[in-house]
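Have a look at the structure below before the remarks.
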Amino acid sequence: MDIANFEFNALHLPSPIEEIYDECWNSKGIQVFVKRDDLIHPIISGNKWRKLKNYLQTFSFNTHSGLLSFGGAYSNHLYALAFTGHSLGIPTVGIIRGDELNIESNPFLTKMNEWGMKLQFISRTDYRMKPIPAEFESYQVIAEGGFGRLAMQGMEDLVNELPEHDLIYTAIGTGATAIGVANYSNKPVVGVLTLNNKTEIEEHKLPANLAIEDAYVFGKYAKQNHELDQFCADFYVKHQIPIEPIYTGRMFYALIEHIKNGHIAPNTKLVAIHTGGVK
Ligand SMILES: Cc1ncc(COP(=O)(O)O)c(C=O)c1O
């Protein structure tokens, strides 16, 4: 199946936009719209399709045997890559952090294996070097989390799908989504850090309209936090939109705090990108 057919037949694009309401922000004339990229597809959800699309579209068997990337045992990125590779007939390899793991360690790894992704489990020390096993040298490498120029270019479609707005919020992991969105938007973008990687993010060429918010990491990436878990549960009850504590939970938490503390001007129309992650 080619990319255009796949997008048309399997994906929910353009993804929906929903306005959410709250007395606190509506009394200030602030409007909050959620770009529901989490609804693009149950597996290639959120920013995954946006980031992978150009890698898949430009992939050629004339130059490479398949696509190879890196991630942890629960990587949303590898899970999406395994599924798209399977759907589009492109062989995939996942280099997984942790040589104590195997294809039965969790249901995601099991599925990735079933979709034909070749999984290589390597020690956490080796993983830091991002080694490419000799047998896969002919594979095109996608950096951890999908980070790269092609991933950022995938944000052009997303920006073009946004309604009229004054400000954009999105979560930052590798930074590909936020940098890409800011590159294609002429509006201010707030990227909410979800891990302590501000220095690494600032090493990239950052567009002038991207502001990094680093006060909502909650200690450490993915560290369980009762307040965040409760926030996500309450958010769902109030707005009927599922979010998770690692990325979108932190992003919405920051956004709502920014409204409460007057950081966002009255009468602002803002769009929050729902980057998915709710498996
Ligand atoms: C659900 C979700 N949201 C946001 C991000 C962060 O995106 P990026 O790595 O492009 O900064 C990720 C990580 O890729 C993610 O899985």
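Just follow the structure's listing: the first ligand is 1, and inside any ligand the first atom is 1.
The shortest N/O to N/O separation between Asn76 and ligand 1 falls below 3.5 Å.
Environment of CD in Gln240: crowded, with over 12 heavy atoms of neighbouring residues, nucleotides or ligands closer than 6.0 Å. More than 12 heavy atoms of other residues, nucleotides or ligands lie within 6.0 Å of CD in Glu100, so this atom counts as buried by the packing criterion. Atom CD of Glu114 has more than 12 neighbouring heavy atoms from other residues, nucleotides or ligands inside a 6.0 Å radius.
Gln230 and Asp234 share a side-chain donor-acceptor pair at under 3.5 Å. A donor-acceptor contact under 3.5 angstrom links the side chains of His258 and Tyr169, judged on distance only.
Without hydrogens or angle criteria, Lys198 side chain to Asp214 main chain gives no donor-acceptor distance under 3.5 Å.
Not a single heavy atom of Gly46 sits under 4.0 Å from any atom of ligand 1. Ligand 1 has at least one atom lying under 4.0 Å from a heavy atom of Lys51. Contact annotation: Gly175 has at least one heavy atom less than 4.0 Å from an atom of ligand 1.
The protein heavy-atom contact nearest to atom 4 (C) of ligand 1 is Thr275 OG1, 3.2 Å. The nearest protein atom to atom 6 (C) of ligand 1, hydrogens excluded, is given as Gly173 N, 3.3 Å; this is a heavy-atom distance. Scanning the protein for heavy atoms near atom 7 (O) of ligand 1, the closest one is Asn47 ND2, 3.0 Å.
When each atom of ligand 1 is checked for a heavy atom of Lys48 under 4.0 Å away, the hits are 12 (C), 13 (C), 14 (O), 15 (C), 16 (O). Per-residue contacts place Thr177 under 4.0 angstrom from the following atoms of ligand 1 (heavy atoms of the residue considered): 7 (O), 8 (P), 10 (O). Residue Gly277 approaches ligand 1 through these ligand atoms, each under 4.0 Å from one of its heavy atoms: 1 (C). Atoms of ligand 1 found under 4.0 Å from any heavy atom of Gly276, numbered from 1 in the order shown, are 1 (C).
Looking only at side-chain heavy atoms (C-beta outward), Val159 and Ser185 come within less than 4.5 Å of each other.
Proximity of the aromatic rings of Phe6 and Trp49 is defined here by a centroid distance below 6.0 angstrom, and this criterion is met.
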